[in-house]
Trainee: 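Next up is a structure, given as structure tokens.
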2 protein chains.
Amino acid sequence: MTGFCHSDMTTLDGPGRTMKRSGTGLIPLIALDGPTPLYRQLYGWFQHAIVEGRLRPGQRVPSTRALARELKISRIPVLTAYQQLHAEGYLESFTGAGTCVAASIPEEALKTASRAARRPPRKIAARLSSGVDAVLALPPDPKQPGAAFRVSLPALDHFPNDIWSSLLTRHARHPAPRHLAYGDPMGDIGFRETIADYLSMARAVRCDASQIMVVAGSQHGLQIAARALLNKDDAVWMEEPGYPGAHRAFAIAGARAVPVPVDADGLDVEAGLARAPHARAAYVTPSHQYPMGMTLSAARRMQLLSWAARHDGWIIEDDYDSEYRYAGHPIAAVQGLSAEDRVIYAGTFSKVLFPALRVGYLVIPKSLIAGFSAARDAIDLFPATLFQLALADFVREGHFARHVRRMRMLYMERRALLISALGEIGQVEIVSAEAGMHLVALLPRGADDRAISERAAAAGLSVQPLSLCCLEKPKRPGLILGYGGTDARRITAGMRRLSALL
Amino acid sequence: MTGFCHSDMTTLDGPGRTMKRSGTGLIPLIALDGPTPLYRQLYGWFQHAIVEGRLRPGQRVPSTRALARELKISRIPVLTAYQQLHAEGYLESFTGAGTCVAASIPEEALKTASRAARRPPRKIAARLSSGVDAVLALPPDPKQPGAAFRVSLPALDHFPNDIWSSLLTRHARHPAPRHLAYGDPMGDIGFRETIADYLSMARAVRCDASQIMVVAGSQHGLQIAARALLNKDDAVWMEEPGYPGAHRAFAIAGARAVPVPVDADGLDVEAGLARAPHARAAYVTPSHQYPMGMTLSAARRMQLLSWAARHDGWIIEDDYDSEYRYAGHPIAAVQGLSAEDRVIYAGTFSKVLFPALRVGYLVIPKSLIAGFSAARDAIDLFPATLFQLALADFVREGHFARHVRRMRMLYMERRALLISALGEIGQVEIVSAEAGMHLVALLPRGADDRAISERAAAAGLSVQPLSLCCLEKPKRPGLILGYGGTDARRITAGMRRLSALL
């Protein structure tokens with residue numbers, strides 16, 4: 001660095017902008033317009049000209065007076081821009097030598113940057129993590145927000161918005177300072193107590209509030225569990241067919257999914273033992289297998305717990321829609337059977353209330369609380385507070401139980417209607433537990449469920465191909481039909497359209 | 001399986017519960033009390049007795065009639081419990097042979113389960129993932145919610161709750177169905193447009209709405225970026241000293257942190273090149289280095305961009321508190337300089353509004369949008385909708401800009417007061433950019449900042465030790481003092497207490 005500017009006075013051309021000679025140096029021909037303040041436009045021009053190599057280290061720039069005169073603007077924005085460029089180190093000034101581009105900017109760095117700027121924007125080899133690659137390798141899940149038979153969608157038009165919004169307002173208007181500040185990675189303790197009470201009573205889960213972690217839906221819960229428990233390439237038993245969301249959750253976490261077939265009794269534990277006895281975890285949906293709907297039998301539950309105890313494995317129990325059972329009583333959670341606390345239990349409020357709420361929970365074995373809490377802190381600190389406060393009231397004041405009861409009646413009707421409409425179509429074999437918000441219609445062997453699903457999508461129907469749930473070659477084609485968020489009229493009309501397609 | 005029950009009539013003892021002989025089989029002595037329905041208590045007793053080996057496969061259980069008589073209760077709950085136990089496969093019935101524990105439950109599984117139940121609950125070797133181990137190996141971050149000088153905490157008592165809660169109510173009361181349903185993994189498009197406009201104008205970020213991903217605060221943004229871009233053991237440049245939250249985010253993601261010293265010009269890029277030229281990413285806080293406060297100089301920005309272009313690296317720019325700058329104009333983002341779209345830019349609303357909001361954003365290079373979107377879908381599906389709608393209005397209607405302006409004045413005063421109070425203490429050297437919500441007070445060499453921080457915590461002060469920000473041996477002890485959420489009275493009183501401690 002010489003302490004003086006070069007006397008480089010040649011004309012430089014940049015894409016779409018040129019400079020011309022002036023008494024004191026090069027004047028940028030800047031199109032000054034739009035709502036952006038003048039000083040910012042000037043600042044931006046200089047900054048890009050320097051980065052892209054149109055102005056070089058040590059090169060003199062016009063005085064503020066000359067530039068303002070040339071551009072026919074007040075000197076103030078020019079001064080402001082220069083001040084900023086000085087502050088950030090793009091320009092420097094020397095007594096008697098005027099203002100120059102900082103000589104300290106390394107030419108080498110500029111050359112690379114300038115080359116990059118000049119060449120047509122090439123497609124960067126977007127090297128993503130192997131986790132993302134694994135997710136992208138899974139069959140795509142075509143999402144059709146408004147379509148009939150969308151799986152997992154509840155009856156949104158029956159949600160008591162007036163009650164919910166008044167609970168939100170109650171807590172939002174005069175919040176305690178601690179409810180605006182940083183919170184516990186596990187969630188709000190009052191809400192966690194409410195969840196623990198609910199789970200003990202309704203699901204025979206053995207827990208206290210210290211074990212509850214509030215998460216943003218069950219997908220988030222699975223992710224936190226995977227992060228906390230699994231290392232790259234750890235084997236995890238996955239029900240086959242199984243829940244595509246879980247396939248994605250474990251794929252992004254770098255785990256190795258081991259498909260384990262399900263039969264009428266649920267997960268075939270012996271098949272799991274044959275394929276990967278030393279798996280670190282087993283992902284299961286014992287109350288209502290996704291998508292097939294069967295309950296994991298008592299014998300299988302025992303076998304699963306025995307495997308976990310013998311092989312130091314974890315059971316990740318996803319109880320995603322246990323609230324809706326239309327015959328008999330709710331099936332108790334496996335979690336409540338585990339004497340050794342081998343079960344991480346995941347549930348969600350997003351299906352009973354509405355998906356855009358994003359609130360779920362994990363029940364964590366006591367020996368793992370510290371580890372899960374540290375993982376959550378590292379992942380996203382803690383859950384937003386307001387929904388927790390409002391939801392705790394929603395449960396405690398009985399709105400939750402009332403809504404579940406009303407929806408159970410409604411979904412029962414919708415389910416009966418769908419089954420009867422499917423019966424009229426014929427050709428399909430209905431697999432349906434008396435629970436949840438969806439059923440599976442098995443198609444004749446050899447049918448292409450993905451092609452049918454695509455044709456249905458074109459006709460405004462969201463019927464998920466069963467093969468989407470398979471990690472291995474599917475045994476039988478089928479369609480998954482959600483009925484929770486599809487009313488009677490749309491069920492009847494939709495089945496007519498589907499019948500025409502089959 | 002014989003199809004008949006064993007005629008095992010001996011008395012069994014379980015912990016705290018016994019059975020006695022009866023005419024038709026063993027009668028459980030169950031303490032029936034509490035709010036749990038009778039049928040559930042009976043069901044639970046049988047289930048646990050079977051799992052824990054007190055009732056064995058094939059063993060006969062009393063008839064419903066006999067059990068009801070013995071327990072002096074109505075037969076209905078007994079029938080309900082037995083029905084449930086049948087449905088779940090714990091019991092089976094044979095004509096003429098009564099009801100027995102299902103013979104299909106494998107004895108081997110039961111033995112393990114029963115052994116596990118009988119031995120005193122041993123501490124499970126809670127093998128957690130290596131990511132959690134890495135997080136737990138970092139210096140602990142003692143969180144003191146209410147204490148003075150808490151870093152990152154804004155002035156919660158100045159937040160316009162009335163405006164915010166009325167915006168929430170506006171959107172919660174009569175939501176469009178799509179605002180309750182599943183949403184886009186990237187976030188609500190209207191909100192993303194608002195963010196893109198804001199960032200283009202205020203931060204010289206070059207982006208459109210397609211590049212914005214709404215996340216749950218900047219910690220969550222860092223986690224998604226790490227997940228999407230990095231594989232296990234990939235090297236990442238970390239500013240030294242640097243942001244402990246980022247240390248945790250990259251640790252849980254399995255990345256290898258490479259500490260790169262910062263000097264008066266910010267991250268020493270040459271040092272980074274010497275230590276790990278082929279790092280996959282560099283984590284930087286260019287506008288206001290955390291915790292030291294300097295701005296990354298223009299020369300260093302060029303060097304960093306040049307490194308990224310040459311080595312196919314990513315720059316993760318955390319612009320965590322760019323809204324507050326008390327002299328000059330806001331420093332432009334590095335993102336706006338990157339011709340090759342090498343920068344993932346992270347920002348948050350949680351510091352300007354309130355931390356319990358949990359809303360932030362990423363700006364993603366166009367070449368990476370598909371990969372990030374797939375990663376987000378796998379991690380937690382999509383962000384909750386309501387806060388996005390309300391926050392979009394909060395920004396568009398000018399409340400955000402107004403609040404930032406008011407807080408800028410307030411924090412400027414608090415900062416001045418803190419600096420003057422620290423000046424009176426002496427012994428400390430103040431390092432403070434004219435920006436943000438915290439400053440660093442360097443302590444005399446040899447001082448133990450952790451010990452001082454602990455003593456301060458006991459006195460109700462949350463002064464973070466600078467050494468907490470170091471991955472290597474700290475060069476100089478110091479204290480990080482947040483002034484955003486600490487009012488004048490508490491600043492004065494707190495400094496008096498701190499002075500007594502030093």
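What you see below is based on every heavy atom in this structure, not just the backbone, and it leaves out hydrogens, waters and symmetry mates. Naming: A, B, ... by sequence-line order, numbering from 1 per chain.
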Trainee: Answer yes or no: is there a side-chain heavy-atom contact under 4.5 Å between A:R127 and B:R280?
Mentor: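 Sidechains of B:R280 and A:R127: in contact.
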Trainee: Under 4.5 Å, counting heavy-atom pairs only, tell me which of B:T385, B:N161, B:L85 racks up the most with chain A.
Mentor: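 Top option by heavy-atom pairs under 4.5 Å: B:N161.
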Trainee: Where does B:A102 contact chain A at under 4.5 Å (heavy atoms): side chain, backbone, both or neither?
Mentor: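 Contact with chain A: none, neither part.
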Trainee: With a 4.5 angstrom heavy-atom cut-off, which part of B:R227 approaches chain A: side chain, backbone, both or neither?
Mentor: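 Backbone plus side chain of B:R227, per the 4.5 Å heavy-atom cut-off to chain A.
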Trainee: Just by distance, do the side chain of A:Q219 and the backbone of B:I379 share a donor-acceptor pair under 3.5 Å?
Mentor: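 Answer holds: no.
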Trainee: In terms of heavy-atom proximity below 4.5 Å to chain B, should A:L230 be classed as side chain, backbone, both, or neither?
Mentor: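 Backbone of A:L230 only, per the 4.5 Å heavy-atom cut-off to chain B.
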Trainee: Please report the closest heavy-atom contact between A:V135 and B:A374, naming both atoms and the distance.
Mentor: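 Scanning both residues, the minimum pair turns out to be CG1-O, 4.0 Å.
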Trainee: Indicate the atoms forming the closest heavy-atom contact of A:A181 with B:L153, along with that distance.
Mentor: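 Smallest heavy-atom distance, with atoms named: CB-CD1, 3.8 Å.
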Trainee: Sub-3.5 Å donor-acceptor pair from the side chain of A:H220 to the main-chain atoms of B:L381, do we have one?
Mentor: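 It does not hold such a pair.
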Trainee: Any donor-acceptor pair under 3.5 Å linking the side chain of B:N231 with the backbone of A:S130?
Mentor: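 Here the side-chain-to-backbone pair exists.
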Trainee: Is it the backbone or the side chain of B:D377 that comes under 4.5 Å from a heavy atom of chain A, or both, or neither?
Mentor: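 Both parts, backbone and side chain.
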Trainee: Between B:V132 and A:A375, what is the shortest heavy-atom contact and its length?
Mentor: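 Distance-wise, the nearest heavy atoms are CG2-CB, 3.9 Å.
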Trainee: Using non-hydrogen atoms and a 4.5 Å limit, figure out which bit of B:S152 sits close to chain A: side chain, backbone, both or neither.
Mentor: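 Both parts, heavy atoms under 4.5 Å.
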Trainee: Check whether any side-chain heavy atom of A:H179 lies under 4.5 Å from a side-chain heavy atom of B:F354, and answer yes or no.
Mentor: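 Result no, sub-4.5 Å side-chain heavy-atom pair not found.
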Trainee: Quick check: closest heavy atoms across B:L357 and A:A384, and the distance to 0.1 Å?
Mentor: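 Minimum heavy-atom contact is O-CB, 3.7 Å.
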Trainee: What part of B:P383 is in contact with chain A, defined as an atom under 4.5 angstrom from a non-hydrogen atom: side chain, backbone, both or neither?
Mentor: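 The answer is the backbone of B:P383.
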Trainee: Do the side chain of B:T169 and the main chain of A:T169 share a donor and acceptor less than 3.5 angstrom apart?
Mentor: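 Absent.
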Trainee: With a 4.5 angstrom heavy-atom cut-off, is it the side chain or the backbone of A:H174 that approaches chain B, or both, or neither?
Mentor: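 No part of A:H174 comes within 4.5 Å of chain B.
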Trainee: Please determine, among A:P154, A:A228, A:G217, the option with the most heavy-atom pairs under 4.5 Å with chain B.
Mentor: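 If we count pairs closer than 4.5 Å to chain B, A:A228 comes out on top.
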Trainee: Which pair of non-hydrogen atoms, one from B:R248 and one from A:A378, has the smallest distance, and what is that distance?
Mentor: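 B:R248 and A:A378 have their closest heavy atoms at O-CB, 3.5 Å.
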Trainee: Taking B:S218, B:P177, B:P175 one by one, which has the highest count of heavy-atom pairs under 4.5 Å against chain A?
Mentor: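 If we count pairs closer than 4.5 Å to chain A, B:P175 comes out on top.
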Trainee: Rounded to the nearest 0.5 Å, what separation is found between the NZ atom of A:K232 and the OG atom of B:S129?
Mentor: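 Here the rounded value is 14.0 Å.
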Trainee: For chain B, find which of A:F372, A:W164, A:F387, A:F250 contributes the most heavy-atom pairs closer than 4.5 angstrom.
Mentor: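 Highest number of pairs under 4.5 Å: A:F387.
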Trainee: Using only atom types and a distance under 3.5 Å, with no angle test, would you say the side chain of A:Q223 pairs donor to acceptor with the backbone of B:D380?
Mentor: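 Side chain of A:Q223 to backbone of B:D380, a donor-acceptor pair under 3.5 Å: no, none is there.
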Trainee: A:D162 and B:R173: salt bridge (charged side-chain N to carboxylate O under 4.0 Å, His left out), yes or no, with the steps?
Mentor: CA-CA 6 Å; A:D162 46 346; B:R173 194 168 286 277; over 6 Å; no
Trainee: Checking heavy atoms, do the side chain of B:F382, its backbone, both or neither come under 4.5 Å from chain A?
Mentor: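 Interface part for B:F382: both.
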Trainee: Does atom CZ of B:R178 have more than 12 heavy-atom neighbours, drawn from other residues, nucleotides or ligands, at distances under 6.0 Å?
Mentor: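 Atom CZ in B:R178 is not packed in, count stays at 12 or less.
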Trainee: Given that the side chain runs from C-beta out, which part of B:L156 has a heavy atom under 4.5 Å from chain A: side chain, backbone, both or neither?
Mentor: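 Both parts, heavy atoms under 4.5 Å.
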Trainee: For a side-chain contact (heavy atoms from CB on, under 4.5 Å) check, start with the C-alpha distance between A:R206 and B:H48, then their side-chain angles and the critical distance, and finish with the verdict.
Mentor: CA-CA 12 Å; A:R206 292 201 281 189; B:H48 283 105; 3.6 Å; yes
Trainee: Could you check which of B:G221, B:A172, B:G131 has the highest count of heavy-atom pairs closer than 4.5 Å to chain A?
Mentor: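 Highest number of pairs under 4.5 Å: B:A172.
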